[in-house]
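Working notes for the structure below.
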Amino acid sequence: MKPVGEAEIRGSFVNCSKGEARRINLPRNLPELSWTDLDFLGWRDPGAPDRGYLVAERNGELVGVTLRVAQEVRRSFTKSTVCSICVTPHSGTGVALFVAPRIGAAGRQGNTVGTYMCADLACSLYVRGVKRTDSGVRFEETLTTEERILRAAVNLEGFLDKVFDGDVRSA
Ligand SMILES: [Zn+2]
């Protein structure tokens with residue numbers, strides 16, 4: 001993705017109030033990020049461990065989504081789990097269930113969308129092999145890096161569509 005600055009990021013959030021967007025803790029290393037390795041910007045809140053954020057391009061516009069880590073009931077520490085976006089297998093706590101408030105009236109009524117995702121939201125780096133999991137799970141796939149990037153983009157688009165579902169602006 002192309003590099004974006006603090007103002008653009010704060011202005012991109014669609015599923016929280018403007019006040020909330022102003023108070024979001026941004027990644028500390030924003031200017032040094034390797035943007036060419038990123039399909040979207042994802043990070044966990046350094047000040048609030050149960051919160052995460054992702055900022056991505058959707059239909060040519062920058063879209064930011066706030067996420068919250070859901071309490072898990074079926075967590076298994078022996079089984080590996082797979083990210084629904086980038087399909088990277090992790091063990092233990094490497095994958096988390098994130099929920100995002102839907103935008104608009106649905107979200108204000110408490111309606112959320114959930115997805116299992118790499119707990120550090122670094123999907124872009126896993127698909128490129130820039131970052132490796134500590135699971136020891138070998139990723140045996142015949143897909144090329146480009147194909148994995150494309151698959152993650154399609155999965156992310158599907159998730160964002162659900163966050164936007166029912167909103168008149170997305171029609
Ligand atoms: Zn992932």
Side-chain angles (χ1 to χ4, degrees), residues 1-15 24-46 48-70 72 75-100 113-164:
M1 67 187 285
K2 66 178 186 351
V4 287
E6 175 173 346
E8 276 175 283
I9 292 172
R10 291 195 191 283
S12 74
F13 281 92
V14 292
N15 67 341
I24 286 171
N25 294 310
L26 299 184
R28 294 196 179 102
N29 56 344
L30 207 54
E32 296 104 64
L33 287 178
S34 178
W35 295 94
T36 51
D37 285 337
L38 298 178
D39 304 306
F40 67 89
L41 177 65
W43 74 101
R44 292 291 288 268
D45 192 322
D50 69 330
R51 283 170 173 265
Y53 310 97
L54 69 84
V55 173
E57 267 180 35
R58 180 178 186 265
N59 302 334
E61 274 181 53
L62 201 65
V63 163
V65 171
T66 65
L67 306 163
R68 193 178 280 275
V69 179
E72 284 235 53
R75 158 82 68 217
S76 161
F77 286 95
T78 52
K79 234 179 91 203
S80 72
T81 40
V82 171
C83 171
S84 302
I85 303 297
C86 69
V87 200
T88 297
H90 294 267
S91 63
T93 53
V95 165
L97 175 59
F98 289 97
V99 292
V113 183
T115 185
Y116 284 92
M117 229 175 140
C118 295
D120 57 6
L121 299 162
C123 301
S124 306
L125 303 182
Y126 291 116
V127 294
R128 286 167 176 77
V130 173
K131 193 167 184 179
R132 295 188 186 282
T133 68
D134 55 7
S135 67
V137 182
R138 283 288 300 149
F139 199 59
E140 298 294 352
E141 274 206 303
T142 52
L143 296 187
T144 64
T145 300
E146 283 68 31
E147 287 167 332
R148 290 169 66 187
I149 289 170
L150 187 65
R151 178 175 61 182
V154 169
N155 290 340
L156 181 65
E157 205 176 288
F159 173 65
L160 292 177
D161 283 349
K162 284 189 236 165
V163 174
F164 273 83

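If you're wondering where the values come from, they're calculated on a predicted model, not measured in any experiment. The analysis underlying the following values was restricted to heavy atoms, covering all of them including side chains, and did not include hydrogens, waters or symmetry mates.
Taking the side chain as every heavy atom from C-beta outward, Leu121 and Ile85 never approach each other to under 4.5 Å. A heavy-atom distance below 4.5 Å is found between the side chains of Leu156 and Leu54. Inter-residue side-chain proximity for Thr115 and Asn155 is flagged as unmet; no heavy-atom pair is nearer than 4.5 Å. Contact of the Thr66 side chain with the Phe98 side chain is not registered, since no non-hydrogen atoms from C-beta on lie closer than 4.5 Å. No side-chain heavy atom of Tyr53 sits less than 4.5 Å from a side-chain heavy atom of Ile9. Two residues are said to be in side-chain contact when any heavy atoms from C-beta on lie closer than 4.5 Å; Val82 and Val95 fail this criterion.
Between the side chain of Arg44 and the main chain of Ala119, a donor-acceptor pair closer than 3.5 Å is present. In this structure, the side chain of Arg10 engages the main chain of Ile24 through a donor-acceptor pair within 3.5 Å. A distance-only check finds a donor-acceptor pair linking the side chain of Ser84 to the backbone of Tyr116 [under 3.5 Å]. No donor-acceptor pair under 3.5 Å is formed between the side chain of Glu61 and the backbone N or O of Arg58. With Asn15 contributing its side chain and Val65 its backbone, the two residues share no donor-acceptor pair below 3.5 Å.
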Next on the checklist: Could you walk me through whether Tyr126 and Asp120 satisfy the side-chain contact (heavy atoms from CB on, under 4.5 Å) test, starting with their C-alpha distance in whole Å, then the side-chain angles of each, then the deciding distance to 0.1 Å, before giving a yes or no?
Outcome noted: CA-CA 11 Å; Tyr126 291 116; Asp120 57 6; 2.7 Å; yes

Checklist entry - Met117 and Phe159: side-chain contact (heavy atoms from CB on, under 4.5 Å), yes or no, with the steps? => result CA-CA 11 Å; Met117 229 175 140; Phe159 173 65; 5.6 Å; no

Next on the checklist: Go through it in stages, so that I can follow the logic: the residues are Leu38 and Leu125, the test is side-chain contact (heavy atoms from CB on, under 4.5 Å), and I'd like the CA-CA distance, side-chain angles, deciding distance and then a yes or no.
Outcome noted: CA-CA 7 Å; Leu38 298 178; Leu125 303 182; 4.2 Å; yes

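Within 6.0 Å of atom CD in Glu32, more than 12 heavy atoms from other residues, nucleotides or ligands are found, so the atom counts as buried in its surroundings.
Nearest heavy atoms, Cys86 versus Val127: CB-CG1, 3.5 Å. When every heavy atom of Met1 is checked against every heavy atom of Val4, the shortest pair comes out as CE-CG2, 4.2 Å. Between Glu8 and Pro3 the shortest heavy-atom distance is OE1-O, 4.5 Å. Heavy atoms only, all atoms of each residue included: Glu6 and Leu26 are closest at CG-CD1, 3.2 Å. Closest approach of Leu143 to Arg148, counting heavy atoms only: CB-CG, 3.7 Å. Ala56 approaches Phe40 most closely through the heavy-atom pair CB-CB, 3.7 Å.
Judged by distance alone, the side chains of Asp37 and Ser124 never bring a donor and an acceptor atom under 3.5 Å apart.
Residue Arg68 holds its CZ atom at 5.0 Å from CG of Asp50, rounded to the nearest 0.5 Å.
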